[in-house]
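Heads up: the structure comes next, in structure tokens.
By convention in this document, chain letters (A, B, ...) are assigned in the order of the sequence lines, proteins followed by strands, and residues within each chain are numbered from 1.
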Protein chains: 2
Amino acid sequence: MPARDTDPPTPRKRADAERNKQALLEAAAAAFVDSGVNAPVRDIAVRAGVGVGTIYRHFPARADLIVAVYRHQVQSCAQAAPALLANSPTPHDALTAWIDLFVDFLVTKHGLAEAMHSDAAAFEPLHAYFLDHLLPAVTLLLDAAVDAGQVDPIDPLTLLQGVGNLCIGASADSRYNPRRLAAILIRGLRTTPV
Amino acid sequence: MPARDTDPPTPRKRADAERNKQALLEAAAAAFVDSGVNAPVRDIAVRAGVGVGTIYRHFPARADLIVAVYRHQVQSCAQAAPALLANSPTPHDALTAWIDLFVDFLVTKHGLAEAMHSDAAAFEPLHAYFLDHLLPAVTLLLDAAVDAGQVDPIDPLTLLQGVGNLCIGASADSRYNPRRLAAILIRGLRTTPV
DNA sequence: AAACGATACGGAACATCGTTCCGTTTGCCA
DNA sequence: TGGCAAACGGAACGATGTTCCGTATCGTTT
């Protein structure tokens, strides 16, 4: 808990502004569930009972809104890594379990995995936020597994993006099984027993 | 060469129509190289020196244009499968080699892998075309590898889509290495030697 | 060769996005 | 209560895919 009462070098926001921001977060979360993270801005505005201008004041880029909605889930995914490492039989098991967590998170957020790959500048903050939080997590697990001689070295970023990519289109096609694929990928990482 | 002189249950197209269709194919191919398969329709029209209406007459859905441009490459990729199977030391090697071919094809066509996952109805023909031609190829290789006891069974569609997914965003980020990931995935398919 | 009907053309027009802008409203403090 | 900075709403803009229809062109028929 940061700073109990004295905090405001920032002049303190107006009450209606704060109210609208919360309404927007809830509206966006609902819209994302119904229509995916690419839900039209106007829809979100209507759900929240505000004008579109208000969205852009609170969340200058579309990605900022997405980040705000999923912030907590990304954080808890990242924070799970050390615990998994401590409680799993082997580092490779921990890595597998964490990837499961990550995949579960992504496949339930329609369009999130896709959005991660938009080259549009508006999505750069999203990209950055995910990388900032999740890259350390994979790196931790990967390093441990490599040190244990269980997996061959690989660029953590490539692995993270690869798994993210595998989750694309998961909700659109029921025959497609990203969890299985991610598990196979991690399996393929193992060092060949000589 | 099909039917030398009698062929036309189709009344034979006008010369200008045929000319425009070819111009469009070349213009689209060029635009795809420069801007990816999502190059704006208007750009393609300008390059070809035609109006946008002409595009939609020849290629009712955007996907039809993409299919037309890449038809030959998809076919040769598919046709390579039997030869690889015959000339490789093991079915698993053939599968690996074919996946390499497939990945190389996809990563050099900016945006193609992404387009494969558009849920838009306009892209359904593209999806269908790829599946029609490439699914038999993977299935052949996969079955052979499974029969040889080299790999665990997996839904060929899932594998194909998974590898396709791994190729997304390859050209946008030089640190990302889809070839490596695809190889690891195929590696992960191998049966565990007891 | 001229005329005519079918075919194909071009690009304006429409719908849907994200995003910006600015006149108007509203909360807050003096 | 008055005033002003903060925040608001939604019209307007630009980009995009797609449709539509009046016009031009081709190929054939007279």
Side-chain angles (χ1 to χ4, degrees), chain A residues 8-25 27-28 31-32 34-69 110-111 114-115 118-126, chain B residues 7-25 27-28 31-32 34-67 111 114-115 118-126:
Chain A
T10 47
R12 181 153 92 255
K13 252 186 314 192
R14 264 170 52 168
D16 56 345
E18 187 56 33
R19 219 183 317 128
N20 280 331
K21 185 165 186 174
Q22 291 308 320
L24 274 171
L25 280 175
F32 289 172
D34 288 1
S35 323
V37 300
N38 289 315
V41 178
R42 284 166 182 77
D43 286 0
I44 301 174
V46 170
R47 278 178 193 257
V50 304
V52 289
T54 300
I55 294 190
Y56 284 94
R57 190 160 317 95
H58 290 293
F59 305 99
R62 181 191 190 75
D64 295 320
L65 184 53
I66 302 177
V67 167
V69 168
H110 303 190
E114 289 87 332
S118 171
D119 48 352
F123 284 89
E124 173 49 27
L126 177 65
Chain B
D7 203 315
T10 45
R12 182 153 93 256
K13 252 187 313 193
R14 262 169 55 168
D16 55 346
E18 186 56 33
R19 219 184 316 129
N20 281 331
K21 185 164 187 174
Q22 290 309 318
L24 275 170
L25 280 174
F32 290 173
D34 287 1
S35 323
V37 299
N38 289 315
V41 179
R42 283 166 182 78
D43 287 1
I44 301 174
V46 170
R47 279 177 193 258
V50 304
V52 289
T54 301
I55 293 190
Y56 284 94
R57 190 160 318 95
H58 290 292
F59 306 99
R62 183 191 189 74
D64 295 320
L65 183 53
I66 301 178
V67 167
E114 289 87 333
S118 171
D119 47 352
F123 284 90
E124 173 50 28
L126 177 64

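Residues of residues 41-48 of chain A that place a heavy atom closer than 4.0 Å to DNA chain D, in numerical order, are Arg42(A).
Taking Ala23(A) as the reference, Ala48(A) meet the side-chain contact (heavy atoms from CB on, under 4.5 Å) condition, with sequence neighbours excluded. Listed by chain and residue number, Asp16(B) satisfy the side chain to side chain donor-acceptor pair (under 3.5 Å) test with Arg14(B) (two or more places apart in sequence, or in another chain).
As rounded to whole Å, 17 Å separates atom P of dA5(D) from atom CG of Asp16(A). The separation between Leu24(A) atom CG and dA7(D) atom C1' is 12 Å, rounded to whole Å. When rounded to the nearest whole Å, the span between NZ of Lys13(A) and P of dA7(D) equals 8 Å. Atom CD in Glu18(B) sits roughly 12 Å away from atom P in dG27(D) (whole-Å rounding). Rounded to whole angstrom, the span from the OH atom of Tyr56(A) across to the C1' atom of dC22(C) amounts to 17 Å. The distance from atom CZ of Phe59(B) to atom C1' of dT18(D) is 16 Å, rounded to the nearest whole Å. Atom P of nucleotide dA7(D) and atom CD1 of Ile55(A) are separated by 16 Å, given to the nearest angstrom. Nucleotide dA5(D) holds its C1' atom 13 Å from the CZ atom of Arg57(A), rounded to whole Å.
The two atoms that bring Leu126(A) and Ala115(A) nearest to each other are CD2-CB, 4.1 Å, heavy atoms only. Contact detail for Ile44(B) and Phe32(B): the closest heavy-atom pair is CD1-CE2, 4.0 Å. Nearest heavy-atom pair, Ala63(B) versus Phe123(B), reported as atom, atom and distance to 0.1 Å: CB-CA, 3.7 Å. The shortest heavy-atom contact between Ala122(A) and Ala61(A) is O-CB, 3.8 Å. For Val69(A) against Ala28(A), the heavy-atom pair with the smallest separation is CG2-CB, 3.9 Å.
Applying the side chain to side chain donor-acceptor pair (under 3.5 Å) test to every pair with at least one member in residues 56-65 of chain B, sequence neighbours left out, gives no pairs at all. Residue pairs meeting the side chain to side chain donor-acceptor pair (under 3.5 Å) criterion with at least one partner in residues 40-49 of chain A, sequence neighbours excluded, are Asp34(A)-Arg47(A).
Between Arg62(A) and dG18(C) there is a side-chain polar atom (N or O) within less than 4.0 angstrom of OP1 or OP2. For the OP1/OP2 pair of dT25(D) and a distance below 4.0 Å, the side-chain nitrogens and oxygens of Arg14(B) include no atom meeting the criterion. For the OP1/OP2 pair of dC9(C) and a distance below 4.0 Å, the side-chain nitrogens and oxygens of His58(B) include at least one atom meeting the criterion. Taking 4.0 angstrom as the limit, Thr54(B) places none of its side-chain polar atoms (N or O) nearer than this to OP1 or OP2 of dA8(C). An OP1 or OP2 oxygen of dA8(C) is reached within less than 4.0 angstrom by no side-chain nitrogen or oxygen of Asn20(B).
Stem analysis of DNA chain C (Watson-Crick or G-U pairs, both distances under 3.5 Å, runs of at least three) returns C:1-30 with D:1-30.
Looking at the side chain of Pro40(A), the nearest of the listed nucleotides dA11(D), dT19(D), dG18(C) is dG18(C).
Position along DNA chain D of the nearest nucleotide to Val50(A) versus Asn38(B) favours Val50(A) as the more 5'-ward residue.
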